[in-house]
A.B. asks: 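Quick one: the structure is below, questions incoming.
Chain naming here is simple, since letters A, B, ... match the order of the sequence lines and numbering starts at 1 in each.
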There are 2 protein chains.
Amino acid sequence: MRLPKLSKLELQIMDALWSFGPSAIREIQETFPQKGRPAYTTVQTMVYRLEIKKALRRMHKIGNAHIFEPLISRDAAQRRLVDDFLGMFGGRMQPVMAQLIEAGNLTSKDVADAEKLLRDLSKRKKEP
Amino acid sequence: MRLPKLSKLELQIMDALWSFGPSAIREIQETFPQKGRPAYTTVQTMVYRLEIKKALRRMHKIGNAHIFEPLISRDAAQRRLVDDFLGMFGGRMQPVMAQLIEAGNLTSKDVADAEKLLRDLSKRKKEP
DNA sequence: TAACATCTATTACCATTGTAGGTGGACTGG
DNA sequence: CCAGTCCACCTACAATGGTAATAGATGTTA
């Protein structure tokens with residue numbers, strides 16, 4: 001697996017690394033809201049599993065604590081996430097968009113941004 | 001759980017019911033592409049689990065085969081799916097859209113449709 | 001009606017995810 | 001130097017999802 005599948009909790013852990021840079025387990029744990037924060041060893045277990053999946057690695061030590069750094073980019077992980085999500089809809093975009101809009105998750109600004117991005121992309125293709 | 005979480009395979013099974021109406025297990029199984037089609041009993045197991053989750057129910061019998069009908073609408077299930085998905089992105093739409101577009105999953109027609117839908121929705125709100 | 005096909009119901013097993021306890025080693029403040 | 005704290009490492013366990021075999025009931029047909 002070049003791009004391992006990451007669960008929600010795994011994503012949140014990676015997010016800590018992406019947002020705050022290489023961190024110790026304690027630091028990762030503390031990025032969770034106090035309310036409902038997982039136990040230290042829970043985070044530890046997930047970090048170890050992410051290590052096996054090669055999503056992160058031990059960088060160095062500070063005191064006796066390991067510092068971990070991400071091996072997967074946020075972008076790559078999100079790409080994977082989007083792909084799986086579309087797979088759930090049989091790859092058909094239409095219902096996805098409709099759902100996003102009707103749920104009010106998509107504003108006209110989002111759509112405008114999307115349009116601009118699309119234009120830029122097609123321009124880039126034509127004039128490299 | 002009013003809206004149980006459905007996995008990919010569960011979704012595919014529900015999809016058979018949504019698309020073709022109340023069906024027997026054999027019929028559901030046969031909606032899967034021959035290549036990689038799950039065993040009859042695999043589908044059966046998932047259908048039973050969906051029954052426990054109250055996502056579908058036995059309607060009547062034909063011969064000795066049960067006919068199942070959906071209890072959850074495609075729309076409701078998709079809403080749930082989209083919500084979970086957005087949760088993975090911390091609810092921020094922007095990276096989602098960017099990802100969709102850059103992956104080429106989103107065409108200009110999709111965006112145009114989205115625009116129209118947005119317009120219609122806001123009109124409906126103003127002039128009921 | 002006897003053989004055959006089909007379906008139901010039950011049971012099992014493995015992988016993944018989330019959860020965390022326990023034990024022992026390493027560091028630090030006094 | 002030694003007590004307390006922090007951390008690493010190992011182990012465990014339950015829920016969920018995917019996979020399916022087996023056994024027994026029921027229906028179909030020659």
A.B. asks: Please confirm whether the backbone N or O of A:Pro38 pairs with a side-chain atom of A:Thr42, one donor and one acceptor, at under 3.5 Å?
C.D. replies: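 Side chain of A:Thr42 to backbone of A:Pro38: no pair is present.
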A.B. asks: If the helix axis at each end comes from five base pairs, how far does the helix from C:dT1-D:dA30 to C:dG30-D:dC1 deviate from straight, to 10°?
C.D. replies: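 Answer rounded to 10°: the end axes differ by 0°.
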A.B. asks: A:Ile67 has an atom CD1; how far is it from atom C1' of D:dC6, in whole Å?
C.D. replies: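 Computing the A:Ile67:CD1 to D:dC6:C1' distance gives 13 Å.
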A.B. asks: What integer distance in Å separates B:Ile62:CD1 from C:dT6:P?
C.D. replies: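 From B:Ile62 CD1 to C:dT6 P: 16 Å.
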A.B. asks: Count the heavy atoms belonging to other residues, nucleotides or ligands that lie under 6.0 Å from CZ of B:Arg37, then report whether that count exceeds 12.
C.D. replies: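 Atom CZ in B:Arg37 is packed in, count exceeds 12.
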A.B. asks: Please determine whether a side-chain nitrogen or oxygen atom of A:Arg58 lies at a distance below 4.0 Å from atom OP1 or OP2 of D:dC7.
C.D. replies: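 For A:Arg58, the contact criterion (side-chain N or O under 4.0 Å from OP1 or OP2 of D:dC7) is not met.
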A.B. asks: Could you check whether A:Tyr40 gets within reach of a base, just the sugar-phosphate, or nothing at all, counting any heavy atom under 4.0 Å?
C.D. replies: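 A:Tyr40: backbone/sugar contact only, no base atoms under 4.0 Å.
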A.B. asks: Restricting to side-chain contact (heavy atoms from CB on, under 4.5 Å), what partner residues turn up for A:Asp84, sequence neighbours left out?
C.D. replies: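 Expected list: A:Lys5, A:Arg80.
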A.B. asks: Find the distance B:Ile25:CD1 to C:dA9:P and express it as a whole number of Å.
C.D. replies: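 Spelled out: CD1 on B:Ile25 to P on C:dA9 is 9 Å.
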A.B. asks: Which residue pairs pass the side-chain hydrogen bond (donor to acceptor under 3.5 Å, both in side chains) test when at least one of the two sits in residues 24-36 of chain A, sequence neighbours left out?
C.D. replies: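 Output for this query lists A:Arg26-A:Gln29.
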A.B. asks: Write down the distance between CD1 (A:Ile28) and P (D:dC7), rounded to a whole number of angstrom.
C.D. replies: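 Computing the A:Ile28:CD1 to D:dC7:P distance gives 12 Å.
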A.B. asks: Can you name the residues that form a side chain to side chain donor-acceptor pair (under 3.5 Å) with B:Tyr40, not counting sequence neighbours?
C.D. replies: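 Testing B:Tyr40 for side chain to side chain donor-acceptor pair (under 3.5 Å), a comparison that skips the adjacent residues, returns none.
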A.B. asks: Give the rounded distance in Å between these two atoms: NE2 of B:His60 and P of C:dT8.
C.D. replies: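 Answer to the nearest Å: 13 Å.
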A.B. asks: Could you check how far CD of A:Gln12 sits from P of C:dT19, rounded to whole Å?
C.D. replies: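 From A:Gln12 CD to C:dT19 P: 9 Å.
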A.B. asks: Hey, does the side chain of A:Trp18 reach the backbone of A:Ile72 with a donor-acceptor pair shorter than 3.5 angstrom?
C.D. replies: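 The answer is yes, because a donor-acceptor pair under 3.5 Å joins these two groups.
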A.B. asks: side-chain contact (heavy atoms from CB on, under 4.5 Å) with A:Met46: which residues, sequence neighbours excluded?
C.D. replies: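 Partners of A:Met46 under the side-chain contact (heavy atoms from CB on, under 4.5 Å) test: A:Ser7, A:Leu9, A:Glu10, A:Ile13, A:Arg49.
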A.B. asks: Between the side chains of A:Arg74 and A:Ser19, is a donor N or O closer than 3.5 angstrom to an acceptor N or O?
C.D. replies: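 Their side chains do contain a donor-acceptor pair, which is all the 3.5 Å distance test asks for.
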A.B. asks: Generate the contact string for nucleotides 15-30 of chain D. Rules: B means base contact, S means sugar-phosphate contact only, - means no protein heavy atom under 4.0 Å.
C.D. replies: --BBBBBB---BS---
A.B. asks: Quick check against the 3.5 Å criterion: does A:Thr41 have a side-chain atom that pairs as donor or acceptor with the backbone of A:Gln44?
C.D. replies: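 No; zero donor-acceptor contacts below 3.5 Å.
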